[in-house]
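Take a look at the structure set out below.
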Amino acid sequence: MARELLGKYLVRRSRGREIAFMITETEAYHGRGDKASHAHRGETARNFVMFGPAGRWYVYFTYGMHWMLNVSSGKDGYPSAVLIRALHGVNGPARLTKKLKIDKKLNNKTANSKIGLWIEDRGVRVAKKDIARAPRVGISYAGEWAKKPYRFFLRKNAKK
DNA sequence: GCAGTGATCATA
DNA sequence: ATGATCACTGCC
């Protein structure tokens, strides 16, 4: 799913205005066994969305100032999510939430236009060769899991 | 390189 | 109740 989201558009409608940016970078957090995942230590008040059905926003606050945007994935009961790390022209997971005015209010909401934050396929074709993989960012504490190539991003030469 | 900033969670 | 930690950013 982290791969599939590349090239799709993240659309935000807030106070009557609508903006959309193509998703260019994602990371996968995959199951309880994933030491880098919030779900690794079980379900808590913060991470419960990861344990629910796919397609809901998992929004959390970190470092005292940043909101992170994820979308839940996997079957109901299987804790997993995709972190949206960058949009075309908006690099960085905390920057994009600031730009799109995303915060706690969207947590656990199903991604759709009613709630004002959703994903659209606008027909951008992403070839497999345009997708690069790398280890995830900021999780060096995760031992072997820190090395897994669960970060996906569009190569610079990919068509925009 | 590292300060900023506060919610969250484990420990007690 | 307390203290360490943190899926980051921006300025040095």
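To find a chain, count down the sequence lines: A is the first, B the second, and so on, and within it residues start at 1.
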Inset, instruction - Output the rest of the hydrophobic cluster of A:Y29: all Ile, Leu, Val, Met, Phe, Trp and Tyr residues reachable through side-chain heavy-atom contacts under 4.5 Å, sorted by chain and number. - result: A:F48, A:V49, A:M50, A:F51, A:Y58, A:Y60, A:M68, A:L83, A:I139, A:Y141
Inset, instruction - Using a heavy-atom cut-off of under 4.0 Å over every strand shown, decide if A:A36 touches base, sugar-phosphate, or nothing. - result: base
Inset, instruction - Select base, sugar-phosphate, or nothing to describe what A:R136 touches, counting heavy atoms under 4.0 Å on all strands. - result: nothing
Inset, instruction - Not counting sequence neighbours, which residues clear side chain to side chain donor-acceptor pair (under 3.5 Å) with A:D103? List them please. - result: A:K105
Legend entry - Sugar-phosphate, base or nothing in reach of A:F61, heavy atoms under 4.0 Å: sugar-phosphate
Legend entry - Any donor-acceptor pair under 3.5 Å from A:R56 side chain to A:A111 backbone: no
Inset, instruction - With sequence neighbours excluded, tell me which residues meet side chain to side chain donor-acceptor pair (under 3.5 Å) with A:N107. - result: none
Inset, instruction - Using atom types as modelled and distance alone, determine if a side-chain donor or acceptor of A:R32 lies under 3.5 Å from a backbone N or O of A:S80. - result: no
Inset, instruction - Using the criterion of both pairing distances under 3.5 Å for Watson-Crick and G-U wobble pairs, give all stems of 3 or more consecutive pairs involving DNA chain C. - result: B:1-4 with C:8-11, B:6-11 with C:1-6
Inset, instruction - Identify whether any heavy atom of A:I139 sits under 4.0 Å from a base atom; if not, whether one sits that close to sugar-phosphate; answer base, sugar-phosphate or nothing. - result: sugar-phosphate
Legend entry - Spacing between A:H38 atom NE2 and B:dA7 atom P, to the nearest angstrom: 16 Å
Legend entry - First encountered from the 5' end of DNA chain B, between A:M65 and A:K104: A:M65
Inset, instruction - Please assess A:H30 against A:Y78 for the test side-chain contact (heavy atoms from CB on, under 4.5 Å), listing each intermediate value before the final yes or no. - result: CA-CA 9 Å; A:H30 190 234; A:Y78 184 82; 3.5 Å; yes
Legend entry - Pairs involving residues 111-120 of chain A, ordered by first then second residue, that meet side-chain hydrogen bond (donor to acceptor under 3.5 Å, both in side chains) (sequence neighbours left out): A:W118-A:E120, A:E120-A:R122
Inset, instruction - Rounded off to whole Å, could you give me the NE2-to-P distance for the A:H66 and B:dA7 pair? - result: 14 Å
Legend entry - Any donor-acceptor pair under 3.5 Å from A:R85 side chain to A:T26 backbone: no
Inset, instruction - Determine the Euclidean distance between corresponding P atoms of B:dT5 and C:dT2; express it in Å to zero decimal places. - result: 22 Å
Inset, instruction - Quickly work out the A:E43 CD to B:dT8 P distance and round it to whole Å. - result: 15 Å
Inset, instruction - Measure the shortest side-chain to side-chain distance between A:M22 and A:L87 over non-hydrogen atoms and say whether it is less than 4.5 angstrom. - result: no
Legend entry - Outermost DNA chain C nucleotides near chain A [under 4.0 Å, heavy atoms]: C:dC6 to C:dG10
Inset, instruction - Identify whether any heavy atom of A:T44 sits under 4.0 Å from a base atom; if not, whether one sits that close to sugar-phosphate; answer base, sugar-phosphate or nothing. - result: sugar-phosphate
